[in-house]
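Here is the structure we will look at.
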Amino acid sequence: MSIAIIGAGVGGLTAALSLHAAGQGDILLLEAAREIRDVGVGINLPPHAVRELSELGLGDVLEKAGVPTSELAYYDPTGRLIWAEPRGLDAGYKWPQYSIHRGTLQRLLVEAVRERLGPSSIRIAQRVTGVSTADGNKAVIAAIDQTAADRAVSYTADVAICADGIRSPARDSLYGAVTPLASNGWVMYRGVTTSAPFLTGRSMVIIGDETQRVVVYPIADGVINWLLVRPKDATRAEAELGNWNVPVSTSAIAAFVKDYRFDWLDVHHLVASSSESYEYPMADIDPLPRWIFGRCALLGDAAHAMYPFGSNGASQAILDARVLAYELATAGTIDDALRAYDAQRRPVASEVQLANRRQAGDVMARVSALARSGAHGDAATELQDVERRYKQLAGFDVDALNTRKSWSVSAASR
């Protein structure tokens, strides 16, 4: 079986490693970028994602490169604790929760792909413009080869996996129209800075209310990741939806958190001391009615781009990759495998998309109203209930995850 993967992001790379581990040998990744560089800022990998990467043999490199998150804590804008819970191994999972630089994670995956599948398994500077099916049993990929004077090229495979992001040309060609991006009118600002540890040294904190929130956590020794979300400035021009890496003035962002100075963490100093900051207008897509078009399958943000709440954007892409590889290795036919993948993953990911929208709005409004009234205990109960339901929905309820069967494929079951 020949498999072409469009996009060498976290989802596409995990798909390649999963397919290879499941016995597939003819795998090619097509990446639009002219070079794969460490870009972005921090990312959080809950235990359900870490389990899958560990079962791909990446547990040791994650342990060396990431920070094991020990707790998640919510604070009101005055710095008063609302509620905290243990995370990862401290919460009883069999696998840790890691915080890591997104670029570091991608580099680790790229290195693993090139080592296991061969140095030519990733073909860079191939800008895919569309995909189609031929006679129902082949996928045809149209691309521009940016290494050859933008020459039009095409690739044919038994299966095409479209993992080319929120603004996926592959997805749009299959649907015959551009998929509209939705926004709640909020903007995320992100950055990384060097700083001493705070709280446990492995804490992830969320500070604020329904008008502004800050998330802070370490991603390496002495390196702290922060992000801030707030409504967009109506006086500024509209920013491009779906672009993660638009630079923005750090001093302007620091002004938003001038009062967030606590004895356990000076958020203002943290933001102000960052060498670079980035702006990202919050964007997602509505749940899609289908992910499968003949021999073409959507995966990751191309299938279910979601607001970055709950640490589940990349994690859901990793789960997509593992389930798809498992089904392709164990189902009776390719078409059966693709249908099973869609049936398993699309309903779950669609519900996570909608849950992330609710977390961005209604949930924090209710929690913040309770905290402002002094009912911190009730606010804590609300958060605890929300987190419990979200874990069950997204696939990392501790008991369910610890006992779920593996998606690794043994040689005997292929």
Side-chain angles (χ1 to χ4, degrees), residues 44 46-47 69-88 90-93 97 99 184-189 198-218 224-232 253 255-271 282 306-312 351-394 396-400:
N44 209 259
T69 305
S70 64
E71 71 166 351
L72 170 66
Y74 286 83
Y75 291 81
D76 70 16
T78 70
R80 179 178 173 182
L81 178 66
I82 300 175
W83 176 70
E85 69 166 359
R87 283 289 172 118
D90 292 332
Y93 290 98
Q97 177 166 327
S99 299
N184 62 0
W186 282 51
V187 178
M188 173 181 287
Y189 303 96
F198 67 94
L199 295 179
T200 68
R202 297 186 291 129
S203 298
M204 178 180 185
V205 298
I206 300 175
I207 311 164
D209 55 23
E210 79 277 24
T211 65
Q212 174 174 282
R213 290 187 296 284
V214 180
V215 183
V216 183
Y217 54 88
I224 305 294
N225 182 84
W226 60 264
L227 64 89
L228 181 152
V229 291
R230 56 181 284 123
K232 68 179 181 181
I253 309 309
F256 294 143
V257 290
K258 64 182 187 307
D259 297 325
Y260 283 41
R261 305 171 194 246
F262 315 117
D263 55 6
W264 49 274
L265 181 65
D266 187 336
V267 178
H268 177 266
H269 176 74
L270 196 72
V271 174
M282 300 283 280
M306 58 186 66
Y307 292 151
F309 287 98
S311 304
N312 258 272
E351 286 299 320
V352 175
Q353 285 177 282
L354 298 176
N356 282 14
R357 287 182 177 180
R358 291 192 294 271
Q359 291 210 154
D362 295 345
V363 169
M364 288 309 300
R366 293 197 304 271
V367 170
S368 300
L370 289 168
R372 278 193 296 272
S373 70
H376 281 66
D378 292 337
T381 299
E382 174 75 13
L383 280 172
Q384 189 172 11
D385 289 344
V386 168
E387 288 286 349
R388 175 181 53 79
R389 293 193 299 269
Y390 188 78
K391 289 173 192 170
Q392 292 172 342
L393 172 66
F396 65 112
D397 171 80
V398 60
D399 293 329

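This structure is a prediction, so every number in the text was calculated from the model and none was measured.
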- Is there side-chain contact between Val214 and Phe256, with at least one heavy-atom pair below 4.5 Å? no
- Are the side chain of Asn356 and the backbone N or O of Tyr307 linked by a donor-acceptor pair below 3.5 Å? yes
- Taken to the nearest 0.5 Å, the spacing of Thr78 OG1 from Asp209 CG works out to 10.5 Å
- Can you check whether Leu270 reaches Val216 side chain to side chain, under 4.5 Å on heavy atoms? yes
- Parallel, tilted or perpendicular for Trp264 and Phe198, by the 30°/60° rule? tilted
- Is Leu199 close to Leu265 at the side-chain level, that is, under 4.5 Å between some pair of heavy atoms? no
- Query: Mind checking whether Arg357 and Leu354 have side chains closer than 4.5 Å, heavy atoms only?
  - Reply: yes
- Query: Parallel, tilted or perpendicular: which describes the rings of Tyr260 and Phe262, with under 30° parallel and over 60° perpendicular?
  - Reply: tilted
- Provide the closest heavy-atom pair for Tyr189 versus Arg230 in the form atom of the first, atom of the second, distance. CE1-CG, 3.9 Å
- Message: Would you compute the distance between atom OH of Tyr75 and atom CD1 of Ile82 and round it to the nearest 0.5 angstrom?
- Response: 10.5 Å
- Task: Taking all heavy atoms of Leu81 and all of His376, pick out the closest pair and write down the distance.
- Result: O-CD2, 3.8 Å
- Just how far is it from atom CD of Gln392 to atom CG of Asp399, taken to the nearest 0.5 Å? 10.0 Å
- Query: Between Val271 and Trp226, is any pair of side-chain heavy atoms under 4.5 Å apart?
  - Reply: yes
- Item | Shortest non-hydrogen contact from Lys258 toward His268 | CA-CD2, 3.5 Å
- Any chance you could measure Met282, atom CE, to Asn184, atom CG, to the nearest 0.5 Å? 5.5 Å
- Note on the structure: Closest non-hydrogen atoms of Val398 and Ala91, given as atom of the first, atom of the second and distance, are CG2-O, 3.9 Å
- Query: Between the side chain of Glu71 and the main-chain N/O of Thr200, is any donor-acceptor distance below 3.5 Å?
  - Reply: no
- Note on the structure: From the list Arg213, Glu387, Glu85, side chain to side chain donor-acceptor pair (under 3.5 Å) partner of Tyr74 resolves to Glu387
- Heavy-atom side-chain proximity of Asn44 to Tyr217 below 4.5 angstrom: yes
- How many angstroms lie between atom CZ of Arg358 and atom CD of Glu351, to the nearest 0.5 angstrom? 6.5 Å
- If you measure from OG on Ser70 to CD on Gln97, what distance do you get to the nearest 0.5 Å? 9.5 Å
- Check: Pro46 main-chain N/O paired with Ser311 side-chain donor or acceptor under 3.5 Å: no
- Query: Closest heavy-atom contact between Gly201 and Pro218?
  - Reply: O-CG, 3.5 Å
- State, to 0.1 Å, how close Gln212 and Val257 come at their nearest heavy-atom pair, and which atoms those are. NE2-CG1, 3.8 Å
